[in-house]
Amino acid sequence: MSSTVTYRYIKQNEDIHTYIKNADAAVAAQGYTEHSFAHVEKVASAVELILTTLDYPERQVELGKIAAYLHDIGNVVNRVDHAQSGAVMAFRLLDNLNMPAEEICAIISAIGNHDEHTAQPLNAIAAALIIGDKTDVRRSRVRNLDSVNLSGDIHDRVNYAVEESKLYFSEDKKAIVLELKLDTKISSVMEYFEIFMERMLLCRRSAEFFGLEFRVKVNDTEVM
């Protein structure tokens, strides 16, 4: 049994907009980088890229994009265990839309397994969501520009240092590549890996789910 609930419908749902806005406001109050519409839409695009390139069924791609759009709503409850809170919230929302249980399971499993402290690439949607989420590093995620200096928050500084970020497949489609243009006057490559190593290793595990390598290039040099 399939559902008529689409990514487009989810994006236009005003209740879901409210959850995303308030979840982002909650993490903003705690000093975290942007987790609003720009983030979830970028993650959804990455999930679409991965699953489409690997020839997954169209409906599974759609479910992956829905999971990506909803994946951070649990932040409205608390940053701690937000993946699990978000999975429960997504269950309620999607169940009320009469989405079939099998599709709901695929989505909430991915949402519940995207945070690096508890994440597991249990299925294709979860693996793609992890990669999309953990590779969203960019200057425009920084809220507090005053913290972008040598004594400021390292997360803000590293994100601000990323002038360009691209996620793509290698020509032979045997690897997923995260390519960054990093302003090393703002942040060093070492600092990037100081805060993102756990996430990059998780991306590697997720790529391995698909039988792929995960590579990171910084300023035209492969560093992972």
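None of these values were measured; they are calculated from a predicted model.
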Going by atom types only, do [X] and [Y] share a side-chain donor-acceptor pair under 3.5 Å?
X: Asn219; Y: Thr221; answer: no
X: Thr118; Y: Gln84; answer: yes
X: Asn75; Y: His35; answer: no
X: His117; Y: Asp81; answer: no
X: Arg138; Y: Ser140; answer: yes

Hey, quick one: are [X] and [Y] part of the same hydrophobic cluster, counting side-chain heavy atoms closer than 4.5 Å, chains of contacts allowed?
X: Met89; Y: Val5; value: yes
X: Leu182; Y: Ile195; value: yes
X: Ile131; Y: Val218; value: yes
X: Phe169; Y: Phe214; value: yes
X: Val40; Y: Leu49; value: yes

Quick check: are there more than 12 heavy atoms from other residues, nucleotides or ligands sitting under 6.0 Å from CZ of Arg79? yes

Above 12 or not: heavy atoms from other molecules or residues under 6.0 Å from OH of Tyr7? yes

Quick check: closest heavy atoms across [X] and [Y], and the distance to 0.1 Å?
X: Ala90; Y: Ile111; value: CB-CD1, 3.7 Å
X: Glu34; Y: His39; value: OE2-N, 3.0 Å
X: Tyr19; Y: Val76; value: O-CB, 4.4 Å
X: Ile50; Y: Ala128; value: CD1-O, 4.0 Å
X: Ser206; Y: Ala127; value: CB-O, 3.5 Å
X: Asn123; Y: Ala126; value: OD1-N, 2.7 Å

Answer yes or no on whether Arg139 is positioned over the face of Tyr160, meaning its NZ or CZ is under 6.0 Å from the six-membered ring centre and within 45° of the axis.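 That pair qualifies as a cation-pi contact.
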
Distance-only, no hydrogens or angles: does the [X] side chain make a donor-acceptor pair with backbone N or O of [Y] under 3.5 Å?
X: Thr18; Y: Glu14; answer: yes
X: Gln30; Y: Tyr32; answer: no
X: Arg215; Y: Ala175; answer: no
X: Thr184; Y: Ser187; answer: no

With side-chain contact (heavy atoms from CB on, under 4.5 Å) as the test, would you mind laying out the steps for His82 and Asp72 before giving the verdict? CA-CA 7 Å; His82 76 281; Asp72 270 340; 3.3 Å; yes

Validation row: [X], [Y] side chains within 4.5 angstrom (heavy atoms):
X: Val142; Y: His155; value: no
X: Leu167; Y: Val177; value: no
X: Arg205; Y: Gln120; value: yes
X: Ile73; Y: Leu93; value: yes
X: Ile20; Y: Tyr69; value: yes
X: Cys203; Y: Thr135; value: yes
X: Arg199; Y: Phe196; value: yes
X: Thr33; Y: Arg143; value: no

Out of curiosity, [X] [atom1] to [Y] [atom2], how far, rounded to the nearest 0.5 Å?
X: Cys105; Y: Leu94; atom1: SG; atom2: CG; value: 11.0 Å
X: Asn159; Y: Ile154; atom1: CG; atom2: CD1; value: 10.5 Å
X: Asn113; Y: Ile130; atom1: CG; atom2: CD1; value: 6.5 Å
X: Ser188; Y: Asp183; atom1: OG; atom2: CG; value: 11.5 Å
X: Met99; Y: Thr6; atom1: CE; atom2: OG1; value: 8.5 Å
X: Tyr168; Y: Leu178; atom1: OH; atom2: CG; value: 9.0 Å

Go through it in stages, so that I can follow the logic: the residues are Thr4 and Asn98, the test is side-chain contact (heavy atoms from CB on, under 4.5 Å), and I'd like the CA-CA distance, side-chain angles, deciding distance and then a yes or no. CA-CA 9 Å; Thr4 58; Asn98 296 314; over 6 Å; no

Reference residue Lys65; test salt bridge (charged side-chain N to carboxylate O under 4.0 Å, His left out); the match among Glu41, Glu48, Glu58: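 For Lys65, the salt bridge (charged side-chain N to carboxylate O under 4.0 Å, His left out) test succeeds with only one of Glu41, Glu48, Glu58, which is Glu48.
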
Full working for side-chain contact (heavy atoms from CB on, under 4.5 Å) between Leu180 and Lys217: CA-CA 6 Å; Leu180 304 174; Lys217 291 178 66 176; over 6 Å; no

Steps toward side-chain contact (heavy atoms from CB on, under 4.5 Å) verdict (Tyr192, Val223): CA-CA 11 Å; Tyr192 175 85; Val223 294; over 6 Å; no

Where do Arg204 and Glu213 land on the salt bridge (charged side-chain N to carboxylate O under 4.0 Å, His left out) test, with the steps shown first? CA-CA 7 Å; Arg204 175 184 286 176; Glu213 296 178 16; over 6 Å; no

Where do Glu116 and Lys134 land on the salt bridge (charged side-chain N to carboxylate O under 4.0 Å, His left out) test, with the steps shown first? CA-CA 9 Å; Glu116 56 262 32; Lys134 305 312 171 195; 2.8 Å; yes

In terms of ring plane angle, is the pair Tyr56 and Phe210 parallel, tilted or perpendicular, where the classes change at 30° and 60°?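 Judged by the thresholds at 30° and 60°, the geometry between Tyr56 and Phe210 is perpendicular.
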
Taking the inter-plane angle between the rings of Phe37 and His17 on a 0 to 90° scale, is it parallel (under 30°), tilted (30 to 60°) or perpendicular (over 60°)?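 Perpendicular.
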
Given Val61, which partner from the list Asp55, Leu51, Leu54, Ile125 fulfils the side-chain contact (heavy atoms from CB on, under 4.5 Å) test? Leu51

Candidates Val43, Leu129, Leu202 - the one meeting side-chain contact (heavy atoms from CB on, under 4.5 Å) with His114: Leu129

Given the rule in the salt bridge (charged side-chain N to carboxylate O under 4.0 Å, His left out) test, do Arg157 and Glu191 qualify, once you have shown the distances and angles that lead to the verdict? CA-CA 9 Å; Arg157 189 165 66 252; Glu191 279 191 317; 2.5 Å; yes

